[in-house]
Protein chains: 2
Amino acid sequence: MNMNKSERLSETTGNETSDLSKARLRAWLQILKVSRKIEGELREKMRTEFNTTLPRFDVLAALYRERDGMRMSELSKSLMVSNGNVTGIVDRLVAEGLIVRVPVENDRRASIVRLTAAGEKDFAERALVHEGWVSELFDDLSSGDADALIRILRNISHHNEAPHHD
Amino acid sequence: MNMNKSERLSETTGNETSDLSKARLRAWLQILKVSRKIEGELREKMRTEFNTTLPRFDVLAALYRERDGMRMSELSKSLMVSNGNVTGIVDRLVAEGLIVRVPVENDRRASIVRLTAAGEKDFAERALVHEGWVSELFDDLSSGDADALIRILRNISHHNEAPHHD
DNA sequence: CACAAATATTTTAGGTTTGAAATATTTTCA
DNA sequence: TGAAAATATTTCAAACCTAAAATATTTGTG
């Protein structure tokens, strides 16, 4: 459980919190701060330069990686948002002609969502610009720090990975 | 601007992206992933254990740090959300009796929001539990990695700090 | 002083998000 | 086979969130 002396102590005495748990809280608040700041900047760029929204861009990005399409449930798991949420965003992207819903052979409950030719073209162009925006926002992030960041965050991700069924 | 050779090259040739910009994009996606995962877990805890929401908790936390209260605009800046957003959340917390709006002497446009006694008591208890949740979710994060994370993220924050007027 | 500009907040319209309930379909198994 | 359980998705109500417009008030300036 990765406890230091003062944390073990706190288990017996009740309510105190350890230095380590305070450091972790600070780390979390800092993650949240950066995440909100960057997301806000990107949202603004998406709106003014691309006339779209982050959630829509995220869906296109997921579908661009899976060129054969994804089920609604795969999409929602991949983006870590609820099923109902994906429904609305997909509806709007379908209305814009960037994606289509395709029925699934042998399972009439499900449908697969794929990019249209227009959606593929649109996203391919925008992805490069988007990468440029991100790189500018992270201008002070050296290659070494980027790697360190990724390593530390992956550790956290893996620890909190949902246990998969089999 | 922190460019390497291939990035300088790309400026002249057009559309390619450097290894560094790709590393930064990966770092950003990883931040986003962790942020969403942790936020989801905390939201769930807030709902089931505290019968409240993250945004409300965030407002209480800000007001707990500023015991004399904050203006609406200070709150929205501190939480990095829009003014209109804060209005709605504050309305609900007022309805719950956890905070109050106090008129500001000599400025009838503004109002100050403060914790009530009940709000203060409520938050003080919950903050400790919340810190415990965070520490568990970051169980694999060592003290050294927490410090490294904070350092790197602070760098990014500062680079993207809004230039203040004077 | 008058009145334009600035400031603080709320309102509004539209989109995003969730969790739970509803719908439709498929699978399981007695 | 045929009902119950499981699965895939949509619908729904409530909350969150933003940008822009509206409202109210204060400040600055000729």
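Predicted, not measured: the structure shown is a model, and the values here were computed from it. Every chain is numbered from 1 and lettered A, B, ... according to where its sequence line falls, protein lines coming before strand lines.
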Could you tell me the separation between the [atom1] atom of [X] and the [atom2] atom of [Y], rounded to the nearest 0.5 Å?
X      : Y      : atom1 : atom2 : answer
B/R154 : A/R26  : CZ    : CZ    : 7.5 Å
A/E44  : A/E49  : CD    : CD    : 9.0 Å
B/T17  : B/L25  : OG1   : CG    : 8.5 Å
B/L60  : B/D122 : CG    : CG    : 7.5 Å
B/L54  : B/R43  : CG    : CZ    : 6.0 Å
B/E105 : B/I112 : CD    : CD1   : 10.5 Å

Near DNA chain C, which residues from residues 68-85 of chain B have a heavy atom under 4.0 Å away?
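Correct list: B/R71, B/M72, B/S73, B/N83, B/G84.
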Relative to each other, are the rings of A/F123 and A/F57 parallel, tilted or perpendicular (30° and 60° limits)?
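Because their plane-to-plane angle lies in the 30° to 60° range, the rings of A/F123 and A/F57 count as tilted.
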With a 3.5 Å cut-off and no angle check, do the side chains of A/R24 and B/S135 form a donor-acceptor pair?
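B/S135 and A/R24 do have a side-chain donor-acceptor pair below 3.5 Å.
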Can you confirm whether the side chains of B/S157 and A/K37 place a donor and an acceptor under 3.5 Å from each other?
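Their side chains do not contain a donor-acceptor pair, so the 3.5 Å distance test is not met.
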Protein-nucleotide distance ([X], atom [atom1]; [N], atom [atom2]), rounded to Å:
X     : N      : atom1 : atom2 : result
A/E41 : D/dC17 : CD    : P     : 18 Å
A/E39 : D/dC16 : CD    : P     : 17 Å
B/M46 : D/dC16 : CE    : P     : 13 Å
B/R47 : D/dC16 : CZ    : P     : 14 Å
B/R56 : D/dC17 : CZ    : C1'   : 14 Å

Under 4.0 Å between any heavy atoms, over every strand shown, what does A/I89 touch: base, sugar-phosphate, or nothing? Just pick one.
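Here A/I89 touches the backbone only, sparing every base.
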Base, sugar-phosphate, or nothing: which does B/R36 touch, judged by heavy atoms less than 4.0 Å apart?
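No contact.
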Does A/N106 or A/G88 map to a spot on DNA chain C nearer the 5' end, using the closest nucleotide for each?
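In this pair, the answer is A/G88.
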A/P55 or B/R109: which one's nearest nucleotide on DNA chain C is closer to the 5' end?
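Nearest nucleotide further toward 5': that of B/R109.
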Closest nucleotide of DNA chain D for A/E44 versus for A/I112: which of these residues is on the 5' side?
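Its nucleotide being nearer the 5' end, the pick is A/I112.
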Regarding A/R67 and the six-membered ring of A/Y64, is the cationic atom NZ or CZ under 6.0 Å from the ring centre and inside 45° of its axis?
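Geometry flag: set, cation within 6.0 Å and 45°.
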Taking the six-membered ring where the residue is Trp, are the ring centres of A/F50 and A/W133 under 6.0 Å apart?
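Yes - the distance between ring centres of A/F50 and A/W133 falls below the 6.0 Å cut-off.
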Heavy atoms of chain A, cut-off under 4.0 Å: which first and last nucleotide of DNA chain C, 5' to 3', fall inside that, if you could look?
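Nucleotide range in contact with chain A: C/dG15 to C/dT26.
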Which angle, to the nearest 10 degrees, lies between the helix axes at the two ends of the helix from C/dC1-D/dG30 to C/dA30-D/dT1, each defined by five pairs?
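Overall, the helix from C/dC1-D/dG30 to C/dA30-D/dT1 bends by 0° from one end axis to the other.
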